[in-house]
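Given the structure is predicted, the values throughout are model-derived calculations rather than measurements. Order of the sequence lines sets the chain letters (A, B, ...), proteins ahead of strands, with each chain counted from 1. All heavy atoms count here, side chains included; hydrogens, waters and symmetry mates do not.
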There are 2 protein chains.
Amino acid sequence: MDEAAGRTRTERLAAEIAEAIVTGALAPGHRLDEQALADQYGVSRTPVREALRQLGTSGLVEVRPRRGAVVAQVTPAQLAELFVAMAEIEATCARLAAQSMSPLERRRLDALHEVMADLAATGDAGAYARANTTFHGAVYAGAHNAVLADFALSLRRRLQPYREAQFRQDGRLARSHAEHGAVVAAILAGRAEEAHAAMLRHVTLVESAVEGMLVRGA
Amino acid sequence: MDEAAGRTRTERLAAEIAEAIVTGALAPGHRLDEQALADQYGVSRTPVREALRQLGTSGLVEVRPRRGAVVAQVTPAQLAELFVAMAEIEATCARLAAQSMSPLERRRLDALHEVMADLAATGDAGAYARANTTFHGAVYAGAHNAVLADFALSLRRRLQPYREAQFRQDGRLARSHAEHGAVVAAILAGRAEEAHAAMLRHVTLVESAVEGMLVRGA
DNA sequence: GCATCGGAAATTGCATGCAACATGGAAAGA
DNA sequence: TCTTTCCATGTTGCATGCAATTTCCGATGC
């Protein structure tokens, strides 16, 4: 009867709460009252508790024993560490991808990059952001390492609210696409170290864009 | 009255079950019956369920909806991916450590390395393994990035049963110490790329040692 | 003999209830 | 007026109970 059958309530709850957090519907520091969430979603406290614990281990919420759960607060210092970690892991994926992507995977990455050129030109930030997710996902997949891909995806989700905003900065789309170009060229040519450096630079520049916005107060 | 006061039953359970898994008391593929675990630890099913979910997100156990939990099985392919991921992340930590370790941290790393020389010479595999954990922990800490350190620690725990066994191979202690030597020299000298390469090589050699043992059937 | 089907037992998912702890505020003392 | 103590209230941690699903095992048909 439910649209999302097969999965348990706990799973659906975890997904919905996570979605609410990364989209900003639940602000950092917001108290996550078990009973309130249970009422809101029409379930009992038990699946809510299990969902919150799950989100706790993934870092999205902070669960303090006997003191309830809150949406994880990220201090500027922690935000910087998250970006550095993401940059390093994505760069590692890019290096591995340059070494081990199949010809088909390389062609697809190249094709995707060309599509994104149009999106960047027309300035459709939403469409570009979605394609961007696909692009980075293709690099993770090309590394042929599920563990690193998982880490990268998890970091990407946690940083999504911050990354998303920076796409609305003037000219950021074009610069992002140019940075991608360096990554793609290195991967296609199989130049591993260059791919690493290009991706590291790209994500570091994203971090700079985000920091610039935060300083200006967003 | 309890020895481990302050923490909740769920936390203690998660720690104990994790310990039982990494020490091998619970073999991979072993069924984790909620009621049985509850009886065994003298609690109800609720904290057991929460602990299992927590271990599920960290990868130690596999929870299949409505079908119970089992100790995570690692196929040889997954094992290889775990080792590659650990090698890459540890190498990244080593590179960052070479760039940003404080003088005090560098001195301590060097001192620890010298202590381990004696342990390797006397052939005390247990003591060497413990010191080894401290050594790698010092490198994570030196990277000054809690996110990467967490990832590295999590991988280290998951691979512990495999890494531990290889220390009993003949001559592995001396070779391990020599490999550490290259890492320490590069970090102390601040040669970042060299530290990266040395650590990558070290962990990759550990993987080779483990694979060699598995092929011979352990 | 092998595969398929059906029912009983076992096990999980979830709801509910109760006790322990944390939090906030009023009352008492300095 | 400020601090401290105590109590009321709310919230979490955990136990228990029930319904739904899965799994196991034997019977039936081919």
Side-chain angles (χ1 to χ4, degrees), chain A residues 1-21 25-73, chain B residues 1-21 25-73:
Chain A
M1 41 183 76
D2 253 11
E3 10 94 352
R7 304 195 308 170
T8 67
R9 277 169 238 260
T10 298
E11 287 178 83
R12 267 175 286 162
L13 273 173
E16 287 197 48
I17 296 173
E19 180 73 10
I21 293 176
L26 288 173
H30 187 278
R31 184 80 190 286
L32 294 168
D33 185 86
E34 295 179 0
Q35 189 63 55
L37 285 170
D39 295 344
Q40 183 177 338
Y41 288 102
V43 297
S44 85
R45 277 178 49 221
T46 308
V48 172
R49 280 178 61 81
E50 292 184 355
L52 288 179
R53 304 240 157 215
Q54 234 170 300
L55 297 175
T57 40
S58 79
L60 267 180
V61 316
E62 182 186 357
V63 290
R64 306 159 301 178
R66 303 205 169 269
R67 301 187 55 205
V70 297
V71 178
Q73 305 241 37
Chain B
M1 40 187 76
D2 254 10
E3 9 95 352
R7 302 197 307 171
T8 67
R9 279 170 238 262
T10 298
E11 285 179 83
R12 268 177 284 161
L13 273 173
E16 287 197 48
I17 296 173
E19 181 72 10
I21 292 176
L26 287 173
H30 186 280
R31 184 79 190 286
L32 294 168
D33 184 88
E34 294 179 0
Q35 189 62 56
L37 285 171
D39 294 343
Q40 185 177 336
Y41 288 101
V43 297
S44 84
R45 279 177 47 221
T46 309
V48 172
R49 282 178 60 82
E50 291 184 357
L52 289 180
R53 305 246 156 206
Q54 236 170 301
L55 297 175
T57 43
S58 80
L60 267 180
V61 318
E62 183 187 355
V63 289
R64 306 158 302 177
R66 304 205 170 266
R67 302 188 55 207
V70 296
V71 179
Q73 305 241 38

Would you say that [X] contacts [Y] through its side chain, given a criterion of any heavy-atom pair below 4.5 Å between the two side chains?
X	Y	answer
T10(A)	R53(B)	yes
E50(B)	L13(B)	no
S58(B)	T57(A)	no
I21(A)	H30(A)	no
V61(B)	L26(B)	no

In whole angstrom, what separates [X]'s [atom1] from [N]'s [atom2]?
X	N	atom1	atom2	result
R66(A)	dA20(C)	CZ	P	10 Å
L52(B)	dG13(C)	CG	C1'	14 Å
R64(A)	dT12(D)	CZ	P	10 Å
Q35(B)	dT22(D)	CD	P	21 Å
D33(A)	dT9(D)	CG	P	18 Å

Identify the two heavy atoms, one from [X] and one from [Y], that lie closest to each other, and give their separation to 0.1 Å.
X	Y	value
A69(B)	L52(B)	CB-CD1, 4.2 Å
A14(B)	L55(B)	O-CD2, 3.8 Å
A27(B)	V71(B)	O-CB, 3.4 Å

Using the C1' atoms of five pairs at each end, what's the angle between the two axes of the helix from dG1(C)-dC30(D) to dA30(C)-dT1(D), to 10 degrees?
10°

Across the strands shown, which category fits E50(A) at heavy-atom distances under 4.0 angstrom: base, sugar-phosphate, nothing?
nothing

At under 4.0 Å, does any side-chain N or O of [X] touch on OP1 or OP2 of [N]?
X	N	answer
R31(A)	dT12(D)	yes
R9(A)	dC14(C)	yes
R67(A)	dC21(C)	no

So which one's nearest nucleotide on DNA chain C is more toward 5', T46(B) or G68(B)?
G68(B)

Please figure out whether R49(B) or R45(A) has its closest DNA chain C nucleotide nearer the 5' end.
R49(B)

Compile the donor-acceptor pairs under 3.5 Å between side chains in residues 35-44 of chain B and protein atoms, sequence neighbours left out, one pair per line.
unit_1, atom_1, unit_2, atom_2, d
Q35(B), NE2, D39(B), OD1, 3.0
S44(B), OG, T46(B), N, 3.3

In residues 36-44 of chain A, which residues come under 4.0 Å of DNA chain D by heavy atom?
none

Go through dC14(D), dC14(C), dT12(C) for me and flag the one nearest to the E34(B) side chain.
dT12(C)

